[in-house]
Amino acid sequence: MSNNSRCRVCGGTVREFFDFGRQPLSDAFAPPDADFTQEFFFRLATGVCEGCTMVQLMEEVPRDRMFHEDYPYHSSGSSVMREHFEQLAKRFLATELTGDDPFIVEIGCNDGIMLKAVAEAGVRHLGVEPSGGVAALAATKGIQVRNAFFEQGTAGEIVTEQGRADVIYAANTLCHIPYMESILTGVTALLKPTGVFVFEDPYLGDIVERTSFDQIYDEHFFLFSAQSVQAMASRFGLELVDVERLAVHGGEVRYTLAPAGRRTPTPEVAALVAQERERGIADPATLEAFGARVLKIRDDLVALLEKLRAEGRRVVAYGATAKSATVTNLCGIGPELVEFVCDSTPAKQGRVTPGTHIPVRESAAFAQPYPDYALLFAWNHAEEIMAKEQEFRDRGGKWILYVPDVRIV
Ligand code: SAM
Ligand code: TMP
Ligand code: ZN
């Protein structure tokens, strides 16, 4: 590939390594009778920065197209994630939020899945959430929410109104934000010298090693690694002081940044950076090999679905994830191959999936009657979903997985 762009972190040259082609907005679930001639598409392609190793999209989608009043993703839909964030809130309360009148700011608090426990503990907090619908849901839980995009200006306003923060936290949000200079300038202004900036996002190392290519879509602008985050932090007077690998969402890393020189980095930081270098996770050859594996998965999945259709089998999908937009649009999977997708999110039900327009139905539709095969789009919640849907298996149903390769289980 010869396409280049400028790195949104360091200004270096970003070299393209994979082109997913024309893709819709991953969370644009439209009514079935919408005017699809107006559907928004962009070119989804990924590149790696020659300067700082940051993997990023070649093209940016305007943020208001993705995050607005009707943003349909509700974080609290997963019991595993509710538990995950409650544990973290408790950890913050016991460690970083023990001083006099502590203050935590969450960037992208969504429906309040993490801040709920903080609010219940009576600790001063603020969620910054641009998507009006989910921000309103958080407010109903007694959480203080500011319905705005976090950026440099917002950070300044928060400092003036409420002072600086002991913890700034973001989950599955920082990687959504291309305008990183504004964010990190804002973070450094808002953070106390003794404070920490903690964020967790899908990990490049897991994406490459598991070929979880569906982690790449409009909202996931950056695919972070310890190496690229370390370089990014140092440009803004921050330092990467801890990393923690997480199993959630198919493999993530929780990064802890502190003002440079304030905290001693844990041994895990150097160990993960060394492992990344040894494995060459951001090397052009590794990323090109990843691209070749993506094409094989595409071909295998389409061949399997066409074979099942030819045999007259019923196939439905499970979980109308944002991730699945990349799969359905890369593979050309529409209602002729997958009858419908069931999903627990009311805002997605009765609508159709972006780009290839598969109907989305409520979770109960899955069993009415059970299909022969279920394509698990929400593979990151496999354990939770397979346990909940044990009866499907008991009655002879089979799951289709496509990460790290196409398999029937
Ligand atoms: N933190 C939740 C979680 O982990 O489940 C929500 C993650 S959701 C995938 C990403 C959230 O980031 C959305 O609710 C979106 O509205 C929000 N977001 C996007 N850009 C933002 C910005 N500049 N400042 C604050 N939130 C933002
Ligand atoms: P996520 O992979 O971005 O977290 O999205 C998961 C999607 O799957 C979301 O639309 C909710 C849906 N879902 C179900 O339908 N049933 C479930 O049991 C779980 C955990 C998720
Ligand atoms: Zn760069």
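Indexing begins at 1, ligand by ligand and atom by atom, following the structure's order. Because the structure is predicted, anything quoted here is derived from the model rather than measured.
A salt bridge links D101 and R124; the closest N-O separation between the charged side-chain nitrogens and carboxylate oxygens is under 4.0 Å.
Taking atom 13 (C) of ligand 1 as the reference point, the nearest protein heavy-atom neighbour is Y71 CE2, 3.5 Å. Nearest protein neighbour of atom 11 (C) of ligand 1, counting heavy atoms only, is T173 OG1, 3.6 Å. The protein non-hydrogen atom at the shortest distance from atom 6 (C) of ligand 1 is S75 OG, 3.3 Å. For atom 14 (O) of ligand 1, the nearest protein heavy atom (residue, atom name, distance) is E129 OE1, 2.8 Å. Here the heavy atom of the protein found nearest to atom 4 (O) of ligand 1 is N172 ND2, 2.8 Å. Of all protein heavy atoms, the one closest to atom 23 (N) of ligand 1 is Y179 OH, 3.0 Å. Protein heavy atom at the shortest distance from atom 13 (N) of ligand 2 is S344 OG, 3.6 Å.
In M81, neither the side chain nor the backbone holds a heavy atom less than 4.0 Å from any atom of ligand 2. The side chain of F67, and not its backbone, has at least one atom closer than 4.0 Å to an atom of ligand 1 (non-hydrogen atoms only; side chain from C-beta on). If you look at Y73 next to ligand 2, the close heavy atoms, those under 4.0 Å, all belong to the side chain.
Rounding to 10 degrees, one finds that the Zn ion (ligand 3) sits at the corner of an angle of 110° between C52 SG and C49 SG.
Of all atoms in ligand 2, listed by their number and element, those nearer than 4.0 Å to a heavy atom of I385 are 17 (C), 18 (O), 19 (C). Those atoms of ligand 2 with a heavy atom of K348 less than 4.0 angstrom away are 9 (C), 10 (O). Near T321, with a cut-off below 4.0 Å to any heavy atom, the atoms of ligand 2 are 2 (O), 5 (O), 6 (C), 7 (C). Shown in contact with T345 at under 4.0 Å from a heavy atom are these atoms of ligand 2, numbered in order with element: 9 (C), 10 (O), 11 (C). Heavy-atom proximity to E384, at under 4.0 Å, picks out these atoms of ligand 2: 20 (C). Interface atoms of ligand 2 facing N380, defined by a heavy-atom separation under 4.0 Å, are 1 (P), 2 (O), 4 (O).
A side chain to side chain contact (heavy atoms under 4.5 Å, CB included) with D300 is found for exactly one of D405, V406, L305, namely V406.
In this structure, H176 counts as a contact residue of ligand 1, since one of its heavy atoms falls inside 4.0 Å of the ligand.
Remark: ligand 2 and D343 share an N or O pair separated by less than 3.5 Å (distance only, no angle test). Inclusion of E219 in the set of residues having an N or O under 3.5 Å from an N or O of ligand 1 is not warranted.
Between Y71 and H68, the distance separating the two ring centers is not shorter than 6.0 angstrom. For an aromatic pair to be called close, the ring centres must be under 6.0 Å apart, and F224 with F199 satisfies this. Between Y318 and F377, the ring center distance fails the sub-6.0 Å criterion.
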